[in-house]
Amino acid sequence: MYNVLAMIRAAQLAAVVIALVLVLSAGGYGIARGISADGQRPATTWRSATTCQTGTAQEIPVVNSLTLPTRLPEGVCLTDAYYSTTSPTTLLYSNEQRDKVFLVAFFEGGTNPAPTGAQVQLGNLVGYVEDTTRQDGTRVYDVSFEKSGWAYHVTARLDQDNQVTPDELHAVALSMAEG
């Protein structure tokens, strides 16, 4: 009985993560289409990211002005990257057990409307933390900041199935803010 409940919880977590990824990817796709419509293509470079499939650093295409995380929680690696035209809009990170899962999302042009939540210092940048509990009891933690014309979000659903901590999310955000 316990294994069935654990499998159901894992499936629910996966469904929520997939839904969040799809929403964030759709937003990134719309932004990228707007940029492409102007005939401007952002310059792309290859950046190193440790991927779960190989366990080693792999090169992924990234717009020059984006910074990828350089510090990740122990055992966590890049699981998947969702792209718009030329750059990732959402990166999914997890560990092998899938009990530490979070997203890193990028939006060109900064945040609109203005960011909300408690201010937090991320190196030389000011970021914002939103710790929200939804009506269904789901807790969502988001660290956001702006850098080089991009809005960054490090987001996770925090519950008994996802053991990533707010401190770990802050460390990921700080690594990108300082990078």
Spatial distance of atom [atom1] ([X]) from atom [atom2] ([Y]) [nearest 0.5 Å]:
X     : Y      : atom1 : atom2 : answer
Asp99 : Gln163 : CG    : CD    : 6.0 Å
Leu91 : Leu68  : CG    : CG    : 6.0 Å
Thr79 : Arg98  : OG1   : CZ    : 5.0 Å

Those residues at least two apart in sequence (or on a different chain) that pass ring pair (Phe, Tyr, Trp, His ring centres under 6.0 Å) with Tyr152 are Phe106, Phe145

Can you sort out the partners of Tyr141 under ring pair (Phe, Tyr, Trp, His ring centres under 6.0 Å), two or more places apart, ordered by chain and number? His170

Scan residues 116-125 for pairs that pass side-chain hydrogen bond (donor to acceptor under 3.5 Å, both in side chains), counting only residues two or more places apart or in two chains.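 For residues 116-125: Thr116-Glu130.
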
When you compare the side chain of [Y] with that of [X], does any pair of heavy atoms fall below 4.5 Å?
X      : Y      : answer
His153 : Leu103 : no
Thr155 : Val140 : yes
Val172 : Pro73  : yes

Non-neighbouring partners of [X] that pass side-chain hydrogen bond (donor to acceptor under 3.5 Å, both in side chains), sequence neighbours left out:
X      : result
Asp167 : none
Gln97  : Asn95
Thr165 : Glu168
Ser175 : none

Which atoms form the tightest heavy-atom contact between Asn162 and Arg157, and what is the distance?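 Closest heavy-atom pair between Asn162 and Arg157: ND2-O, 2.7 Å.
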
Which atom pair, heavy atoms only, marks the closest approach of Gly127 to Leu122? CA-CD1, 4.0 Å

Using a 3.5 Å distance criterion without hydrogens, assess whether the side chain of Asp80 forms a donor-acceptor pair with backbone atoms of Leu92. no

Hey, is the main chain of Tyr82 close enough, under 3.5 Å, to the side chain of Thr89 for a donor-acceptor pair?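 Flag set: sc Thr89 to bb Tyr82 pair under 3.5 Å.
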
Decide whether Ser94 and Lys100 meet the rule of one side-chain donor and one side-chain acceptor closer than 3.5 Å.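 Not at all, the side chains of Ser94 and Lys100 share no donor-acceptor pair under 3.5 Å.
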
Do [X] and [Y] land in one hydrophobic cluster if side-chain heavy atoms of ILVMFWY residues count as linked below 4.5 Å?
X      : Y      : answer
Val76  : Val154 : yes
Val104 : Val164 : yes
Leu174 : Val129 : yes
Phe102 : Leu158 : yes

Check this for me, if you would: do Arg139 and Asp159 make a salt bridge, where the nitrogen-to-carboxylate-oxygen distance has to be below 4.0 angstrom?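 Between Asp159 and Arg139 there is no salt bridge, as every charged N stays at least 4.0 Å from the carboxylate O atoms.
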
Which residues satisfy the salt bridge (Lys or Arg N to Asp or Glu O under 4.0 Å) test with Glu178, sequence neighbours excluded?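 With sequence neighbours excluded, Glu178 shows a salt bridge (Lys or Arg N to Asp or Glu O under 4.0 Å) to Arg71, given in chain and number order.
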
